[in-house]
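Each chain gets a letter, A, B and so on, in the order its sequence line appears, and its residues count up from 1. It should be emphasised that the depicted structure is a prediction, and the values quoted were computed from it without experimental measurement.
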Amino acid sequence: MNEEDTGLRITGLTRRVGAQTILDDITLQLDAGEMLILVGPSGCGKSSLLNAIAGLQPHCSGEIALDGRRIEALSPRERDIAMVFQNYALYPHMSVAENIGFGLEMQGWPRARREARVQEVARMLQLQALLDRRPAQLSGGQRQRVAMGRALARQPRLFLFDEPLSNLDAQLRAEMRSEIKLLHQRVGRSAVYVTHDQTEAMTLGQRIAVLKAGRLQQLGTPQQVYQRPANLFVAQFLASPPMTLLPARLEPEGEFTLTLQGAGAMSWRPTALPVPRERLLGRPLLLGWRAESLRVEEGGAALTLQAPVLLVEPTGVDSLVQLQLGEHRLHWRCAGWPTLQAGDTLTLRLPEAALLVFDAETGERL
Amino acid sequence: MNEEDTGLRITGLTRRVGAQTILDDITLQLDAGEMLILVGPSGCGKSSLLNAIAGLQPHCSGEIALDGRRIEALSPRERDIAMVFQNYALYPHMSVAENIGFGLEMQGWPRARREARVQEVARMLQLQALLDRRPAQLSGGQRQRVAMGRALARQPRLFLFDEPLSNLDAQLRAEMRSEIKLLHQRVGRSAVYVTHDQTEAMTLGQRIAVLKAGRLQQLGTPQQVYQRPANLFVAQFLASPPMTLLPARLEPEGEFTLTLQGAGAMSWRPTALPVPRERLLGRPLLLGWRAESLRVEEGGAALTLQAPVLLVEPTGVDSLVQLQLGEHRLHWRCAGWPTLQAGDTLTLRLPEAALLVFDAETGERL
Amino acid sequence: MSERRTALACLIPLLLVGAVFFYGFLLWTGWLSLTRSNLLPSTEFVGLKQYERLLLDPRWQAALWNLLRFGAGFVVLPLLLGLALALLLDQKLRGEGVLRWVWLHPMALSMVVTGSAWRWLMDPEQGLAEAVRGWGWASFRWDWLAQEDMAVYALVVAAVWQITGFVMALFLAGLRGIDESMLQAARLDGATGWRLLRRVILPQLGPSLASALLVLLPAAIKTFDLVVVLTEGGPGQSSELPAFYMFQMAFERSRLGLGAASAMVLVMMVLSIALPYAVVRSRRKVAA
Amino acid sequence: MKRLSLYLLAGLAAAVIALPLLLMLMNSFKGVAEAQQGFLSLPREPGLAAWRLAWQTLSGSFGISLMLAVPAVLLSALLAALNGFVLCKFRFRGERWVGLLLVLAFFLPIKVYLLPLAITMARLGLDRSLALLIAIHVIYSLPLALFFRNHFLAFPDELLQAARLDGAGFWRLLWRVVLPLSRPIFVVVLILQFTTIWNEYLFGLVFGPEDARPITAALAQLSAQTETGARAYPLEMAAALLAAAPTLVVYLLAGRHFTRGLVAGAVKG
Amino acid sequence: ADLELLHAWTSGSEAAMVSELAAAARRGGVDLKTTAVAGASNASTLLKARFLSGHPPTLAQTDKPLRIWAEAVPLADLGADVSAQLAALPHAVASELRDAAHKPAAVPLNVHRLNTLWSNQRLLRAHGLAVPQDWDAFHRTAARLRAQGLLPLAIGSSAGQKLSLFVAVVLGRAGRDFFERALVQADPALLAGARMAALLQEFRSLKAYTDAGQVSRDWAGATALLLQGKAVFQFTGDWANGEFQKAGWQPGMDYDCTAAPGNAGLHYFEFDRLVFFAQPARLGAQQKLAGLLLQPDTSAKLARLKGGIPVRRDADLSGFNTCAQRSAADFRAGEARGDLVLSLSARLGESAYGGLRDVLSAYWASERMTAPQAQARLAQALRQRD
Ligand SMILES: Nc1ncnc2c1ncn2[C@@H]1O[C@H](COP(=O)(O)OP(=O)(O)OP(=O)(O)O)[C@@H](O)[C@H]1O
Ligand SMILES: Nc1ncnc2c1ncn2[C@@H]1O[C@H](COP(=O)(O)OP(=O)(O)OP(=O)(O)O)[C@@H](O)[C@H]1O
Ligand SMILES: [Mg+2]
Ligand SMILES: [Mg+2]
């Protein structure tokens with residue numbers, strides 16, 4: 001044990017249920033006061049990881065240290081961790097105020113201080129009017145806020161948030177997000193935060209961990225994970241609408257041959273290769289980019305694609321356009337409410353810098 | 001009762017619990033095969049409305065007609081409605097397959113057909129590997145998908161979805177979204193869909209209903225609701241990041257005086273008024289716009305604002321920039337990962353066409 | 001984990017006390033059954049003599065057979081009726097409190113006296129039967145109490161009357177624990193009435209059922225007071241139950257050794273049913 | 001229509017179930033000789049003589065019975081909840097065997113344990129007292145833990161985990177979270193226990209304090225069958241109803257706690 | 001308290017007797033506490049528990065043969081005075097009060113005659129019938145009564161009543177000698193013989209005069225049938241007398257108490273006893289109490305309260321009614337003749353006695369059991385030597 005260690009350090013954490021491996025040798029470290037965002041597809045083990053950290057799941061192997069102290073053997077309550085459960089787990093027989101204050105009461109806060117704190121948290125979560133209600137008398141989002149309040153009232157060593165804002169509307173979510181961020185900055189406790197919301201993931205935490213089927217795929221800053229994904233999975237996971245991926249090959253002459261199904265082959269020579277040529281040569285590749293990378297404007301070195309419009313979906317903020325390139329689907333995120341019709345043919349350009357190249361067999365980004 | 005009526009028609013629906021009015025005189029109509037998106041802040045009564053339609057809540061007054069038949073007096077089962085509950089409400093003692101197939105069994109589907117249908121739904125929801133599990137052995141998102149599957153397996157007159165994708169990751173959510181859309185188009189049943197996700201709200205339904213504190217605020221196509229919100233509330237609710245709102249007054253000379261707190265007054269004459277002058281004159285106004293309306297580029301008639309950058313939040317797809325204008329906060333959504341620092345001063349332009357004008361007292365859009 | 005330690009520490013008194021007060025004393029009883037104890041315990045060892053006597057006693061054989069008949073009615077009927085009443089009460093009836101109380105009240109009345117009321121009701125000449133005859137069904141007879149073959153069922157009637165309300169309460173407690181929104185989901189899925197009950201409600205009443213069985217099965221074996229006050233085991237010895245036999249031998253007839261032997265045989269019978277069940281269940285748990 | 005038939009059914013059940021009670025009430029207002037002559041007839045000259053006599057006979061015992069029943073019932077129910085909780089929610093080696101042994105212990109009438117218990121108490125030099133009697137009742141109620149174990153199977157574990165994270169230790173977990181949410185089963189056990197302990201008297205005579213006899217001993221005295229003495233049925237009936245009164249009150253009060261949806265809103269899923 | 005009496009006398013007349021007993025003791029300077037336990041079974045259970053827990057009572061009511069007690073626990077030696085007084089009692093009684101070493105360890109309270117036939121004189125007169133003197137007459141009378149739509153014989157559910165009836169049949173048909181040899185000494189030849197078969201059959205043939213309602217009433221319920229004018233005869237002990245008196249019926253006028261058919265002169269009786277347990281520290285008080293209870297007037301008073309007759313030959317019978325006086329006269333005559341019949345409960349071992357009751361009640365109840373089967377079970381039961 002390293003005395004100077006602070007923050008959370010997880011080493012080789014593994015959990016199996018029957019034949020299934022739910023957490024697979026997870027090793028990661030979180031500095032004191034850092035907020036780690038945990039993302040991954042449904043069922044990949046995010047909640048399991050939080051549970052393991054909180055000590056709610058037996059039969060995990062591996063080491064967990066918090067502020068330099070090994071805690072695997074400690075009971076949940078000795079770990080001094082606050083958690084927002086994905087399924088809320090509210091005390092149904094207590095009022096909202098009691099739910100929020102329960103943890104404080106357990107830690108022996110005097111009544112007056114406790115009530116003040118509950119008021120404070122309730123204000124932050126806009127629950128003031130509901131303090132006397134039972135969970136059963138609340139709406140889904142209100143329940144979620146109570147679950148949140150229960151964790152925020154305390155000042156533990158570590159916060160664990162399991163999709164704490166998923167049932168809130170965008171307004172409230174944005175407010176809560178900044179509240180959490182402020183709180184986190186002010187209190188300076190470490191936190192692990194599970195979310196499916198890309199905005200939250202990118203804006204809230206210092207680092208993002210991407211999980212897939214119990215294995216850690218990448219751990220890095222939002223920018224790293226987004227712009228330099230470790231592999232195809234990470235790249236795709238953080239892309240919405242989905243990334244466009246086209247099979248390609250690098251010819252010895254330095255040009256890419258894209259073999260499109262249903263649209264013949266296509267050849268394109270970039271001005272500069274993103275990776276040393278040797279690494280690309282002779283293996284099947286996938287060229288990929290995100291929907292927002294495509295441009296209509298000319299200019300700069302770019303891969304030019306022409307395809308008919310299949311579908312236009314305005315989201316308000318922008319619009320998602322799908323184009324049909326042979327049997328491949330191209331996604332384009334364009335600003336505003338474009339006046340496009342299905343069937344119109346568009347010419348789009350991909351700036352070279354936005355191109356990601358993957359090994360088609362291993363999925364590694366090259 | 002109008003025999004030719006089809007779809008769902010709700011008239012004067014009201015529900016009170018104690019002194020609280022949870023649904024307040026709601027009247028709306030849904031054509032056969034239409035999908036209505038229901039949005040509103042947490043606790044505004046969305047789930048209550050769905051429950052009332054499904055017949056799960058007693059003590060509602062008002063009329064509900066489905067396909068021309070009054071159904072208020074019918075039992076839930078006779079209404080032939082399928083619903084995804086916000087809290088899932090899975091059968092804990094049944095496997096995933098049984099959960100999904102239960103409704104079919106109740107409707108007397110023969111075993112073979114039922115199993116085929118369960119397989120089909122499970123494939124659609126990517127639940128094939130989990131068919132034998134109990135709900136307790138599933139992750140949050142998996143449970144939500146089972147809840148979804150239970151509704152999708154059936155072919156009722158009406159679907160009710162209560163935030164059915166809130167616990168899914170963006171990838172899966174996008175896929176599910178298109179599945180639902182396809183299914184809806186194919187089957188052609190009416191549906192009411194509650195969501196907090198703006199993309200879902202804008203892309204999934206033909207019309208959006210915005211609810212606030214139990215009252216219907218606006219009912220219209222996505223474009224109407226987004227671009228021509230009925231009032232401040234609707235405008236703000238569908239804005240993420242929040243709308244920028246500045247207090248103003250129209251001078252008799254045809255120019256706006258913006259009275260900014262902490263940044264003095266400012267005068268701006270638009271080339272054309274968005275509304276007849278008389279309606280604007282002499283009353284306190286609020287000028288508002290969405291974060292994505294601001295531009296850096298010059299050109300066109302625009303309101304020009306200059307302010308220092310407060311915070312930059314890249315979301316991957318784009319970045320959210322906050323600027324401090326006196327005591328007002330300006331939000332700007334800009335593409336890519338801008339190289340801005342807090343403190344940099346920016347000049348932004350608002351195209352006249354994107355301007356929304358509200359009555360500062362009533363909140364009505366003018 | 002200190003919580004776990006506290007929890008297990010709580011069990012230790014249970015285990016110790018249980019070991020002494022239940023199983024220690026059971027061993028003592030076992031020892032007694034091997035002695036020639038009459039009025040009071042004696043230490044004179046007689047081997048399996050008491051068992052031999054017990055097993056050859058036609059009264060004991062009859063008592064076991066009666067237990068089977070009594071038990072069948074006493075377990076099945078309260079389960080069915082109790083469940084039915086609980087479901088009925090769960091229909092959001094007005095006056096639920098009063099109904100619940102009325103249904104439950106037999107539990108409160110000591111059988112020592114209620115037995116008399118039942119004897120009157122079942123009196124072949126003056127009881128309900130007479131009332132029915134009075135209403136015009138002249139040939140009506142209800143004389144189970146007087147019939148060798150039916151007297152056991154007279155016991156069943158009174159016992160069921162007494163325990164059904166309690167079983168109802170157990171099921172009600174279970175019913176009230178079922179998540180309402182899940183029931184609503186089931187209603188939307190089209191399940192009502194019998195199918196709702198069988199597919200959704202009953203499967204979740206498993207624990208209540210187990211508790212009900214936990215009351216009923218032992219109570220069947222323990223039934224004693226009722227026999228004393230209602231039939232005294234009669235007519236003849238046609239409605240005797242093992243517990244009646246056991247206590248009569250041990251306490252009234254000063255055959256402590258024989259009574260102890262009958263207690264041990266009962267224990268062994270229960271064990272022979274419960275043990276395989278427990279072993280099978282533990283296997284299944286390990287497998288799961 | 002359907003509601004009506006439900007009410008009819010409920011009323012019918014209530015009527016059938018209340019029949020013996022009504023019969024007892026009816027006879028308690030009769031004179032001894034009149035009762036002896038026919039049980040199903042209405043009292044010709046209803047009188048309260050039997051009730052007065054019953055009250056005289058029993059009133060002295062109410063206090064002692066309450067002093068015995070209340071602590072014994074509460075203690076045993078709480079202990080059962082505690083043990084049931086541990087048995088259900090904590091895994092340990094041999095838990096199945098503990099369960100089996102408890103089940104088995106349920107199957108013998110406690111009267112079987114009377115003699116060995118008497119010997120043991122004599123060896124330990126424990127004198128007859130209320131405390132001893134309470135202790136014995138509590139001990140022989142240990143298998144009640146099984147009811148709670150069964151009930152807790154459906155208890156959402158997430159709530160326990162949330163409370164643990166909130167810093168609740170074992171006791172507060174039990175007291176603040178588990179018990180409040182197990183009210184219906186607690187009430188069921190309470191009803192069972194109160195009935196059992198209130199109506200038990202042999203142990204009371206053997207281990208209870210010398211001169212204080214529980215109410216049911218007094219009651220049984222009135223209604224013992226003898227070869228040589230005639231029974232006073234009206235007195236018996238009045239006394240039985242009187243003796244049952246506290247139990248009936250307990251049922252009435254406890255019944256309120258059969259509330260629905262105790263855990264509603266707790267978890268999603 | 002000095003001494004403690006454990007008993008199961010809880011009904012009205014019994015309780016009156018107990019309180020008089022306690023009062024008598026108090027007057028005599030003995031501090032006696034009485035502990036009543038409802039039901040013979042409970043009393044006996046409690047007694048055992050008390051012994052095992054080391055706090056036995058000083059004395060207890062019993063109907064078991066003293067031998068059974070003497071084998072199980074040490075009994076008190078009530079001393080020469082009591083011994084002398086016992087010697088003055090009828091031999092059939094006195095012999096049951098001494099232990100194996102012939103030391104006195106128990107005192108009698110009163111005598112109950114068991115083979116009494118109670119009859120409803122009003123009904124008999126109305127139908128021009130008389131109380132039958134032998135069993136043949138009984139059958140004739142009963143048949144006539146039944147033809148009139150009356151219930152000839154009222155009986156209750158307990159096994160004891162069946163046994164009394166059977167004994168009345170045995171004594172009335174086969175005499176005391178047969179009774180002694182067959183039922184007390186368990187002579188296998190007699191038990192298996194044709195005579196016994198006939199007796200059993202006759203016993204069960206009486207069932208034809210009874211009703212189905214017998215299963216849900218006790219003896220007092222049966223007496224009530226007589227009082228209601230529904231039934232004519234009842235066989236039971238002399239405790240029934242109190243019920244008739246309470247109803248204001250006059251013996252000889254409204255009802256009558258006679259020996260069971262064919263039992264004339266045979267006094268089949270049981271008597272209540274108190275057994276004293278060895279407690280050296282209290283021996284003095286025990287002896288004093290025993291002496292007090294044997295006093296003629298105390299003895300008579302207790303007997304009157306309980307409804308039997310006094311044990312002592314010299315007791316004053318002035319306060320007793322006709323039936324009791326008739327019983328006492330028969331008792332004294334029988335004692336003089338030496339043919340008193342002490343009840344089986346006091347003479348058989350517990351297994352034998354219990355077994356006997358079992359067989360008889362089962363045989364009475366059963367439609368299927370044949371006399372030979374009953375005989376076999378009877379023989380088996382009476383062979384039991386605990
Ligand atoms: N049993 C109840 N008693 C009192 N108020 C209730 C009860 N149930 C719900 N409410 C209130 O009714 C309002 C509407 O609830 P509803 O569940 O319909 O909200 P919602 O729009 O679905 O919110 P969310 O998005 O958070 O799920 C809420 O303010 C809630 O607090
Ligand atoms: N009791 C169990 N038995 C078997 N498998 C389980 C059990 N509990 C969870 N799992 C599986 O473990 C995996 C990880 O579950 P977990 O709840 O950690 O997922 P998650 O990442 O939180 O997903 P979500 O985003 O849907 O909440 C899932 O595939 C789930 O099906
Ligand atoms: Mg999860
Ligand atoms: Mg909701």
Counting only heavy atoms closer than 4.5 Å, note whether [X] contacts chain D via side chain, backbone, both or neither.
X: L170(C); value: both
X: L214(C); value: both
X: L81(C); value: neither

Proximity breakdown for [X] and chain C, heavy-atom pairs closer than 4.5 Å:
X: I136(D); answer: neither
X: R256(D); answer: backbone
X: L181(D); answer: neither
X: L192(D); answer: both
X: L9(D); answer: both
X: F155(D); answer: neither
X: A154(D); answer: neither
X: W198(D); answer: neither
X: T120(D); answer: side chain

Heavy-atom side-chain contact between [X] and [Y] under 4.5 Å:
X: P20(D); Y: L121(C); answer: yes
X: L93(C); Y: R3(D); answer: yes
X: V86(D); Y: T6(C); answer: no
X: F107(D); Y: V267(C); answer: no
X: S116(C); Y: M237(D); answer: yes
X: F258(D); Y: L89(C); answer: no
X: V188(D); Y: F166(C); answer: yes
X: L109(C); Y: L241(D); answer: yes

Residue among [options] with most heavy-atom pairs under 4.5 Å to chain C:
options: A13(D), A245(D), G11(D); value: A13(D)
options: T247(D), I139(D), L79(D); value: I139(D)
options: V187(D), L174(D), L82(D); value: L82(D)
options: L100(D), L101(D), L142(D); value: L101(D)
options: L21(D), V112(D), I191(D); value: L21(D)
options: A240(D), S182(D), A264(D), A10(D); value: A10(D)

*Given F106(D) and L217(C), is the side chain to side chain contact (heavy atoms under 4.5 Å, CB included) satisfied, shown in steps?*
CA-CA 9 Å; F106(D) 230 17; L217(C) 289 175; over 6 Å; no
Separation of [Y] [atom2] from [X] [atom1] (nearest 0.5 Å):
X: L153(D); Y: Q204(C); atom1: CG; atom2: CD; answer: 12.5 Å
X: F21(C); Y: L117(D); atom1: CZ; atom2: CG; answer: 6.0 Å
X: I185(D); Y: S208(C); atom1: CD1; atom2: OG; answer: 6.5 Å
X: L115(D); Y: L256(C); atom1: CG; atom2: CG; answer: 6.0 Å

*Just checking, is any N or O donor in the side chain of N199(D) or S110(C) under 3.5 Å from an acceptor N or O on the other one?*
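Result is no, nothing qualifies.
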Is there a donor-acceptor pair under 3.5 Å between the side chain of [X] and the backbone N or O of [Y]?
X: Y233(D); Y: A117(C); result: no
X: Y7(D); Y: R94(C); result: yes
X: W161(C); Y: I17(D); result: yes
X: K222(C); Y: I110(D); result: no
X: R4(C); Y: F90(D); result: no

Between chain D and each of [options], count heavy-atom pairs under 4.5 Å; write down the option with the most.
options: I221(C), L128(C), L104(C); result: L104(C)
options: M107(C), E180(C), Q91(C); result: M107(C)
options: L14(C), V17(C), V102(C); result: L14(C)
options: V98(C), L271(C), T114(C); result: L271(C)
options: W118(C), F25(C), W120(C), W103(C); result: W120(C)
options: M182(C), R100(C), M111(C), Q162(C); result: R100(C)

*Can you list every salt bridge (charged side-chain N to carboxylate O under 4.0 Å, His left out) pair that touches residues 164-179 of chain C, not counting sequence neighbours?*
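Only D90(C)-R176(C), E96(C)-R176(C) qualify under salt bridge (charged side-chain N to carboxylate O under 4.0 Å, His left out).
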*If you look only at pairs with a residue in residues 5-23 of chain D, which of them pass as a salt bridge (charged side-chain N to carboxylate O under 4.0 Å, His left out), with sequence neighbours excluded?*
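Residue pairs passing salt bridge (charged side-chain N to carboxylate O under 4.0 Å, His left out), neighbours aside: none found.
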*Compute the ring centroids of F22(C) and Y113(D), then answer whether they are less than 6.0 Å apart.*
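Yes, the ring centres sit under 6.0 Å apart.
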_Give me the atom names and distance for the closest heavy-atom approach of G177(C) to V263(D)._
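Closest approach of G177(C) to V263(D), heavy atoms only: O-CG2, 4.4 Å.
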*For residues A108(C) and Y251(D), report the shortest heavy-atom separation together with the two atoms involved.*
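Minimum heavy-atom separation between A108(C) and Y251(D): N-OH, 3.3 Å.
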*Within 45° cone and under 6.0 Å: K111(D) NZ/CZ vs F247(C) ring*: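 Yes, K111(D) lies over the aromatic ring of F247(C).
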*Which is it for C10(C) and F85(D) under the side chain to side chain contact (heavy atoms under 4.5 Å, CB included) test, yes or no, and what are the steps along the way?*
CA-CA 10 Å; C10(C) 285; F85(D) 176 51; over 6 Å; no
